[in-house]
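I have placed the structure first, in the form of structure tokens, so that the comments after it can refer back to it.
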Amino acid sequence: MLTLAGIAKHFGPRTLFEDVAFTIQRGDRCGLVGANGAGKSTLFRIILGEDSADEGTLTWQRGSTIGFLPQESAPAGDETILQIATMRDLGPPAAPDHRPGIQPEQHEDYTLEPRAKQILAGLGFREGDHDRPARMFSGGWVMRAHLGRLLVQSPDLLMLDEPTNHLDLEALLWFQDYLGRYPGALLMISHDRAFLNALCTGVLELRHGRLWRWAGNYDDFIQQREAHQAQQLAAWKNQQREVAHLQRFIDRFGAKASLASRAKSKEKQIAHILAEAIDAPEAEIARLHFRFPQPPRSGLKVIRLADVTQAYGEQVVYRGLNFTAERGQRIVLVGPNGAGKSTLLKILAGAVPLQAGVREPGHNVRAGYFSQNRLDVLHPVHTVLEEAMEMRAHNPGLTEQTARTLLGAFLFRKDDVHKKIAILSGGEKSRLALARLLLAPPNLLLMDEPSTHLDIPSTDALIAALDAYEGTLIFISHDVYFIRAIADHVLHIDAGRLTAYHGNYDYYLEKSRATDARAALVSGRGTPALTNHQPGPANAAGNEPTDVRAGPKSREQRRAEAEARAAKSVELKRLRALVAELEKEIDGLEARQAELTRQLETPAIYAEPGRPGALNRELSAVVDRLHAATVEWENLAGQLEGLEKS
């Protein structure tokens with residue numbers, strides 16, 4: 001359907017990428033990955049015809065259609081949500097009318113509106129939203145309407161740039177299922193590891209100006225890339241050792257007349273090796289790497305809510321809510337869309353006035369709030385540096401040099417600190433919001449979707465920083481990988497009722513009898529049959545079940561568990577290597593046994609004096625070793641199976 005050959009793009013003396021070549025066939029589902037700044041969005045623009053390549057060719061199959069969802073949409077006007085979803089802007093690739101503007105429907109299609117309504121419902125719109133002007137909705141909801149339009153049109157190739165950023169988890173799960181059945185090809189940029197794992201049959205990686213194609217999903221790509229890099233490193237080291245060995249000979253004997261010809265020969269060998277040299281493994285590009293400065297120690301009771309009522313108009317979210325968080329807890333909030341998770345975070349942060357009840361921070365507690373809408377805590381008219389320096393209100397000793405150093409750790413280098421916040425990408429806004437927290441570290445950290453807009457390496461860096469953070473963390477996320485790495489408590493919210501699980505996310509899955517780790521994040525009441533529980537603090541919906549067998553884990557317990565998991569991982573790796581080595585040996589012994597048996601069955605062998613006896617002795621030794629190796633393999637395989645099940 002689409003073929004790129006030798007595509008290159010330069011910006012002045014800098015080469016963004018070169019010699020990019022790949023094909024997209026019908027039915028392909030490809031993720032385009034790479035660090036921020038690698039050129040993913042530029043490559044998208046070249047494919048869309050919105051930018052031109054400096055070198056190379058791009059060829060479309062005749063009659064192919066394309067649809068594109070950008071990260072951000074144009075400002076909404078008076079068109080309704082349903083009008084957006086039923087508008088037609090589908091055209092041939094590289095034609096002016098394929099871009100995501102609004103164009104009238106070109107022909108009568110009586111199935112168009114029913115399809116649009118069904119898709120809008122899947123994306124979270126209610127029927128009453130269909131005829132409302134788009135300008136009444138937030139940018140995220142307008143993006144959902146444009147996504148609905150593309151799904152209604154069903155182009156041959158659907159190109160998506162961070163499509164999950166504007167979706168809550170319920171809409172994301174519906175969308176993921178829809179794409180799993182999508183008849184066309186997909187090419188998508190995404191930092192959502194689970195999304196890529198669920199959909200991708202191939203991964204295109206832009207790295208250091210080159211494009212690599214890997215088979216399988218995101219986890220397969222990581223495994224293959226690590227193996228490739230290990231092989232490349234080993235081959236490069238061997239090559240360097242050989243060159244060094246030859247060079248030592250030249251340096252030592254090159255001046256001796258008797259050995260000059262041999263030294264010249266060694267020089268030719270070096271020249272031949274270097275002409276076909278293996279590339280040195282590429283250094284990693286700039287990655288986000290930081291630690292949270294440890295905050296002042298708070299009291300044991302970090303924050304308490306008592307008899308809190310919160311409503312939006314006539315919609316009551318909480319009535320008589322009671323909640324307490326203790327020092328060092330890492331609590332993830334889960335539950336259906338609209339259950340009140342973000343509202344609870346805002347109440348805890350003091351970001352909304354209480355309509356009734358008490359919010360009582362504990363001794364020496366300072367809360368830091370990381371909003372899902374980054375502009376809630378950032379000022380669009382400020383520069384990056386001005387926004388950072390605002391934290392002097394909480395940290396009077398903050399200097400510009402300290403702020404610049406920290407911003408550099410968050411990849412805001414040199415003149416980047418003078419960028420206006422209004423022009424930053426979603427990932428840059430997320431990194432800046434994180435940097436602000438570190439300039440005056442709170443001991444109660446409240447985070448709403450902290451990994452949204454962050455690329456995968458940056459998410460890993462955030463996980464590492466939070467793992468070492470000694471304050472209290474309460475957060476919302478739809479990234480199961482992130483939750484499993486961080487949470488030691490789960491708080492399920494549904495219809496104003498809080499249900500606490502004093503264990504990690506896997507403990508929550510077990511107790512709630514969930515069958516899908518991601519869907520369990522937005523499951524409604526169906527909750528837990530807890531075998532040993534006692535009443536906790538009462539709230540509006542009754543008593544809060546609490547499992548008394550699994551009390552809050554201390555940092556030492558979590559560290560001990562982590563060490564036990566690491567030791568198990570090492571032992572598993574050792575056993576697997578031994579089992580694989582034995583299997584290889586057994587295969588070789590069985591092959592040799594068959595070969596020796598075949599030779600002994602050949603009449604001509606007995607015409608050679610001493611030959612049959614030698615073969616029989618070797619066969620006897622092979623059979624003995626084969627028996628011993630088989631017994632050893634059975635023992636190790638049994639140990640491995642037991643450890644894998646434990």
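Note that these values count all heavy atoms, side chains included, but never hydrogens, waters or copies made by symmetry.
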Are the side chains of L354 and I347 in touch, meaning some heavy atoms are under 4.5 Å apart?
yes

Could you go through the salt bridge (Lys or Arg N to Asp or Glu O under 4.0 Å) check for D416 and R431 one step at a time?
CA-CA 13 Å; D416 289 343; R431 297 203 309 267; over 6 Å; no

Ring pair (Phe, Tyr, Trp, His ring centres under 6.0 Å) involving Y218 - partner list, sequence neighbours excluded
F221

Decide whether a cation-pi geometry holds between R484 and Y505; the criteria are a distance under 6.0 Å from NZ or CZ to the six-membered ring centre and an angle within 45° of the ring axis.
no

Can you confirm whether more than 12 heavy atoms, excluding those of R359, are under 6.0 Å from its CZ atom?
yes

side-chain hydrogen bond (donor to acceptor under 3.5 Å, both in side chains) evaluation trace for S64 with D156:
CA-CA 6 Å; S64 299; D156 298 320; 4.6 Å; no

Can you tell whether the side chains of D460 and R193 come within less than 4.0 Å, N to carboxylate O?
yes

Relative to each other, are the rings of F68 and F44 parallel, tilted or perpendicular (30° and 60° limits)?
perpendicular

Using 0.5 Å steps for rounding, measure from the CG atom of D54 to the CD1 atom of I7.
9.5 Å

With a 4.5 Å cut-off on side-chain heavy atoms, are L58 and T3 touching?
no

Hey, are the side chains of I189 and L160 touching, using non-hydrogen atoms and a 4.5 Å cut-off?
no

Keeping E387 on the side-chain end and T383 on the backbone end, is there a donor-acceptor pair under 3.5 Å?
no

Just jot down the ring pair (Phe, Tyr, Trp, His ring centres under 6.0 Å) partners of F17, sequence neighbours excluded, or say none.
none

Can E205 and R225 be counted as an ion pair, charged N to O under 4.0 angstrom?
yes

For R297, does the CZ atom sit with more than 12 other heavy atoms under 6.0 Å from it, leaving out its own atoms?
no

Would you call M159 and M188 a side-chain contact if the rule is heavy atoms closer than 4.5 Å?
no

So how far is it from L123 CG to I81 CD1, rounded to the nearest 0.5 Å?
10.5 Å

Please determine if R207 forms a cation-pi arrangement with W212, meaning its NZ or CZ atom is less than 6.0 Å from the six-membered ring centre and no more than 45° off the ring axis.
yes

Quick one, I474 and R330 - any side-chain contact, counting heavy atoms below 4.5 Å?
no

Are H10 and T15 close enough, and set up right, to give a side-chain hydrogen bond (donor to acceptor under 3.5 Å, both in side chains), and what steps lead you there?
CA-CA 4 Å; H10 311 284; T15 297; 3.0 Å; yes

Expected output: side-chain K341 to main-chain P336 donor-acceptor under 3.5 Å:
yes

Can you sort out the partners of F475 under ring pair (Phe, Tyr, Trp, His ring centres under 6.0 Å), two or more places apart, ordered by chain and number?
F482

For E449 and H478, indicate whether the former's side chain and the latter's backbone hold a donor-acceptor pair under 3.5 Å.
yes

Test: D19 and K9 ion pair at under 4.0 Å
no

Take T402 and T399 through the test side-chain hydrogen bond (donor to acceptor under 3.5 Å, both in side chains) and record every step on the way to the result.
CA-CA 5 Å; T402 300; T399 66; 2.8 Å; yes

From CA spacing to verdict: side-chain hydrogen bond (donor to acceptor under 3.5 Å, both in side chains), N364, S298:
CA-CA 5 Å; N364 202 32; S298 70; over 6 Å; no

Taking C-beta and beyond as the side chain, do V203 and C30 meet within less than 4.5 Å on heavy atoms?
no

